[in-house]
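We use all heavy atoms of the structure for the numbers below, so side chains are in, but hydrogens, waters and symmetry mates are not.
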Amino acid sequence: MGENTGLKIIRLKTNAQNLEMWMAYEGDGLEAIGHIFMTLENNKRIKFLDAWVDEDHRRKGIYRKLWETRWEYVNENYKGYTVYAWCKDASLTLLIEKGFETGEIVTYVEKTIE
């Protein structure tokens with residue numbers, strides 16, 4: 001895995017739906033090469049939402065850096081909250097590494113209505 005030395009990450013808080021995000025970019029430009037989200041919910045719950053890394057920048061540790069940045073922020077600012085997420089198989093190892101417990105396994109299905 002190549003390391004991305006010019007990587008910068010900024011946190012953005014939206015005014016909608018208690019949504020917070022972290023955006024990864026490199027150099028002086030502000031073109032996103034990755035992002036990760038979370039939303040604050042009632043009853044001291046935080047839902048970790050989707051993440052994305054541009055195809056040209058994958059396998060460089062960007063997803064993990066985004067995840068770790070969000071994780072550090074949550075640990076510093078949300079003591080006593082419960083964090084939960086839905087994740088793909090590829091992300092499950094990282095979540096288990098952080099102490100998350102697996103719940104039920106679900107499978108995505110879809111059908112085009114004709």
Side-chain angles (χ1 to χ4, degrees):
M1 170 174 25
E3 193 60 36
N4 199 320
T5 56
L7 184 68
K8 297 175 186 156
I9 296 178
I10 59 171
R11 183 178 71 86
L12 302 168
K13 182 168 176 46
T14 69
N15 291 322
Q17 304 167 338
N18 294 319
L19 189 66
E20 295 190 44
M21 73 171 288
W22 289 258
M23 183 180 76
Y25 65 98
E26 44 181 13
D28 295 328
L30 283 179
E31 182 176 337
I33 60 172
H35 64 243
I36 199 164
F37 292 91
M38 73 176 214
T39 188
L40 298 173
E41 297 182 345
N42 294 329
N43 301 320
K44 295 179 83 170
R45 293 176 59 83
I46 297 172
K47 183 177 183 181
F48 279 4
L49 300 170
D50 67 329
W52 163 84
V53 175
D54 182 87
E55 285 185 31
D56 294 339
H57 296 277
R58 293 183 183 161
R59 311 296 306 158
K60 297 179 182 178
I62 295 170
Y63 169 76
R64 181 171 282 271
K65 182 67 175 167
L66 283 163
W67 206 101
E68 294 286 355
T69 301
R70 177 182 63 184
W71 186 240
E72 181 178 311
Y73 176 79
V74 166
N75 278 279
E76 289 175 2
N77 295 284
Y78 294 102
K79 301 284 186 216
Y81 279 66
T82 298
V83 178
Y84 72 100
W86 300 95
C87 68
K88 295 180 181 178
D89 288 343
S91 302
L92 185 57
T93 301
L94 176 58
L95 286 140
I96 290 172
E97 173 187 310
K98 297 300 179 185
F100 284 75
E101 296 179 13
T102 56
E104 296 180 55
I105 302 299
V106 296
T107 302
Y108 171 78
V109 295
E110 75 176 10
K111 177 178 175 42
T112 302
I113 304 301
E114 298 175 17

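Judged as a side-chain hydrogen bond (donor to acceptor under 3.5 Å, both in side chains), and not counting sequence neighbours, Glu76 has no contacts. For Thr102, the side-chain contact (heavy atoms from CB on, under 4.5 Å) criterion is met by Leu92, Ile96, not counting sequence neighbours. Checked against salt bridge (charged side-chain N to carboxylate O under 4.0 Å, His left out), Glu97 has the following partners two or more places apart in sequence or in another chain: Arg64. Tyr63 pairs by the side-chain hydrogen bond (donor to acceptor under 3.5 Å, both in side chains) definition with Ser91, not counting sequence neighbours. Take Lys98 and apply the salt bridge (charged side-chain N to carboxylate O under 4.0 Å, His left out) test, not counting sequence neighbours, and it matches Glu68. With sequence neighbours left out, the salt bridge (charged side-chain N to carboxylate O under 4.0 Å, His left out) criterion links Arg11 to Glu20. Under the ring pair (Phe, Tyr, Trp, His ring centres under 6.0 Å) criterion, Trp71 pairs with Trp67, Phe100, not counting sequence neighbours. For Leu49, the side-chain contact (heavy atoms from CB on, under 4.5 Å) partners at least two apart in sequence or on another chain are Leu19, Phe37, Thr39, Lys47.
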Cut-off 3.5 Å, no hydrogens considered: what does the side-chain donor-acceptor table look like for residues 80-88, sequence neighbours left out?
| unit_1 | atom_1 | unit_2 | atom_2 | d |
| --- | --- | --- | --- | --- |
| Tyr84 | OH | Glu41 | OE1 | 2.8 |
| Tyr84 | OH | Glu41 | OE2 | 2.8 |

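For Asp89, the CG atom counts as loosely surrounded, since its 6.0 Å shell holds 12 or fewer non-hydrogen atoms of other residues, nucleotides or ligands.
Residue Ile105 shares its hydrophobic cluster (ILVMFWY side chains chained together at separations under 4.5 Å) with no other residue.
Linking ILVMFWY residues whenever their side-chain heavy atoms come closer than 4.5 Å, directly or via other members, leaves Ile62 and Trp52 in distinct clusters.
Rounding to the nearest 0.5 angstrom, the gap separating the CD1 atom in Ile10 from the CH2 atom in Trp22 is 12.0 Å.
Side chain of Asp54 to main chain of Asp56: a donor-acceptor pair is present (N/O by atom type, distance under 3.5 Å, no hydrogens or angles).
Shortest non-hydrogen contact noted between Ile33 and Leu7 is CD1-CD1, 3.9 Å. Across every non-hydrogen atom of His57 and Glu26, the tightest pair is CE1-OE2, 2.8 Å.
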